[in-house]
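Residue numbers start from 1 in every chain, and the chains themselves are labelled A, B, ... in the order their sequence lines are given, proteins ahead of strands.
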Amino acid sequence: MSAPRVKGAGLVVALSRAGAELAGQWNGLRLAMAAVAGSLCLAPPSGAEWSVESHGLLSSGWDSNPREWVEVGHRRGDVFNRLEWGLAFRRGRAIGIDVGWATERYLQEASENRHLVEVAGSYRWNADKHWTEIFAGGSGRYFPQQEREDPELRGDRDVQRLELGVRGARQHARGAVLFWQAQVVGLEKQPLEEGSAGRSRRAGQAGGELRLNWRPPWQVLVLLEGSGIWHEQGAIGAPVGGVSLRLGSHRRDGSLTTGIGVARSGSPSLRMSGAYQRTWSNSAGIAFQRLRVDLSAGVVLPWRMSAHLLARWHPLSRYDDEARQLDPNTDPDDPDDAEFEERNRVVLSLQRPLSDTFLLELQGGWHKNESGVPFADYEKTLVQVALRYGTAG
Amino acid sequence: MIRPVAYVRRGGALMALLAAAAVACGAQAADEPWEAWCACQTALARLTAARERLEARGDSLATVRAGARARGDAQGEQSLLARGEILVDSLRALSAAGLAQELLCGEVRRRALENLAGEIGRRMAVAGDAGSSAELDTLLARRDRLLGAPQQALSAEFEVPEAAEGDPPEMLRERASYARDLADRAQRWLELVQVEEQRLAERRLMAERARLLRDQEFFEDPASARDDNLGLETEGVELRGSVLGALISRMPEWPAAGGSRPERVLELLREWLVSRRVELMERAAALEEQARREGERP
């Protein structure tokens, strides 16, 4: 085994041990890291050497509403500061390991201070017209215990997410490209209070996107996704006579999404897609539909500046009319009751490199997330000035 | 059970471990201008060799095509012609890449010479009349090698034709026509540069967009909208690419190319091609004018 491979394998073993330590009883991350380590050891030798890139962020901004998603109706703006640091280990175009850590601190709302961590690894098989990649990763969001206002309320908005999957791309005739991905995801959310039901879930997802050349630089996109989600919490039986019963079985949701879109490469760049998503659940006989409209655009401006727009409009989420008639929690005559979990977002960003390493960014965004789920219902506006650092060029 | 504080502490330990690993792996490339120049020359030699190989392949393709034509194999000839066109495109891109590399080497050479002059001056001031040291000798040898480095062949492809003493009008017109051909070639290379600049802008926008989306997920999505979205990562994927594009994409890996970001390299190439094209057009006009005067002379 060559020296770089030994060095790389050693690094991944160290990473795996640290990752397993980080994961505690989560065998999933151990398995994922072992998969990455195995991939590295089995990797065919190549001339490429390991390279290390680092990136960071220092930002300060204003959050119009940091607490509403914890405390409904609570609206008070606050100043926040963010610090992020990450490393990316690369070996040619085949192996990638990314680790990142970030902290966010509020001036007044100390209970909203949080830490974010992220670990990801991938191995890619490259060919002229296609590539395939296995990937594994974990991310977490942690709120320091000592800064919580109510220690009795476990308040664990802490979330751990693990994923393991495979994805790839293949170029076909006339420049058409098919991207595909399949993954399993585990999301652990602690119960809000001792003894209450957890909100953890496991999901299996698969999907693809076909890009067809239209009139260069324009492309047409065709999207298809399917997923199944297994919830830790129990399912609720379809209400009979206005009474809902908790079922012994766990809640299971399945969904299918299909959509189309257009994309433009170059500057200005554009990507816009519209998709229809239908979800079925064994809980409360619910089935609902969602329209997903996503837009992103970017343009290179004079003086080496660039501007980006991200927008997400996920309206018209509603129960099937039939299910609405049965659900005791909805008023069938109230159209507002038919809508839930609307997720909208508009983000505008202006960026300018200060050097090869540093970049200045001005960002403003509006986020609205309607939900009956605790900690998921909020509306806020954010503005921030950020200094980014990156050695990747 | 989740123990956030412990995880954060362990996370810190993990980051420290990784920072140490980053240092051990040698995150920073050596930035000695001399080493940068050597690396630049090696890369240039590789490009020149690749170009020569491609030219040889083009020659053999032409021979096979002539054979196909002689046999009356129209379909075979057509196929070979298509392959030839692809080869010409690659050759043109490779030549432009070589020229970009050559221009970059020129910049790196200038920086290396400045650096060496300063270093030699400092060492000589310290050594005084005590004679030379081994380090000083090495520096002087490097300076001589830099000064004596031969002019590269690729720039010579755009050498402006000169009128020789006693050239007849026909010869002058031929030289003018050659100058215009070279100017056309410069124009084609400029178009190539424009495509690469567009590709670079596209790549930049894609990288920025991917970072922005990642930030939205990492920082701004407490409701974790990703729960029921697959989040296909379809950006930043490149299956097709020209030789020049491949070269440009490798720019950050170049040692001590400080200030030589890809945009700068393309800018160097574009400026050089524009100036050389203008020069060639002016020379062509001057040669035609001279031919006209010579023709009118009794």
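Contact of A:Val347 with chain B is made through the side chain alone, with heavy-atom distances under 4.5 Å.
Residue-environment remark: CZ (A:Arg90) exceeds the threshold of 12 foreign heavy atoms within 6.0 Å. Around CZ of A:Arg264, the count of heavy atoms belonging to other residues, nucleotides or ligands within 6.0 Å exceeds 12. Around the CD atom of B:Glu114, the shell of radius 6.0 Å holds more than 12 heavy atoms that belong to other residues, nucleotides or ligands. Atom CD of B:Glu55 has more than 12 neighbouring heavy atoms from other residues, nucleotides or ligands inside a 6.0 Å radius.
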For A:Arg388 and B:Arg211, what are the C-alpha separation, side-chain angles and deciding distance, and is it a side chain to side chain contact (heavy atoms under 4.5 Å, CB included)? CA-CA 11 Å; A:Arg388 287 182 187 278; B:Arg211 193 173 52 210; 3.7 Å; yes
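Contacts with chain B were tallied for A:Ser349, A:Ala275, A:Ser265, A:Ala297; A:Ser265 has the most, counting heavy-atom pairs under 4.5 Å.
The OG atom of A:Ser296 sits 6.5 Å away from atom CG of B:Leu213, with the distance rounded to the nearest 0.5 Å. Atom CD of B:Gln216 sits about 5.5 Å away from atom CD of A:Gln363, to the nearest 0.5 Å. To the nearest 0.5 Å, atom CG of residue B:Leu205 and atom CZ of residue A:Arg271 are 14.5 Å apart.
Pairing each heavy atom of B:Gln198 with each of A:Gly266, the nearest pair is NE2-CA, 3.6 Å.
The backbone N or O of A:Leu310 lies less than 3.5 Å from no partner atom in the side chain of B:Arg209, so there is not a single donor-acceptor pair.
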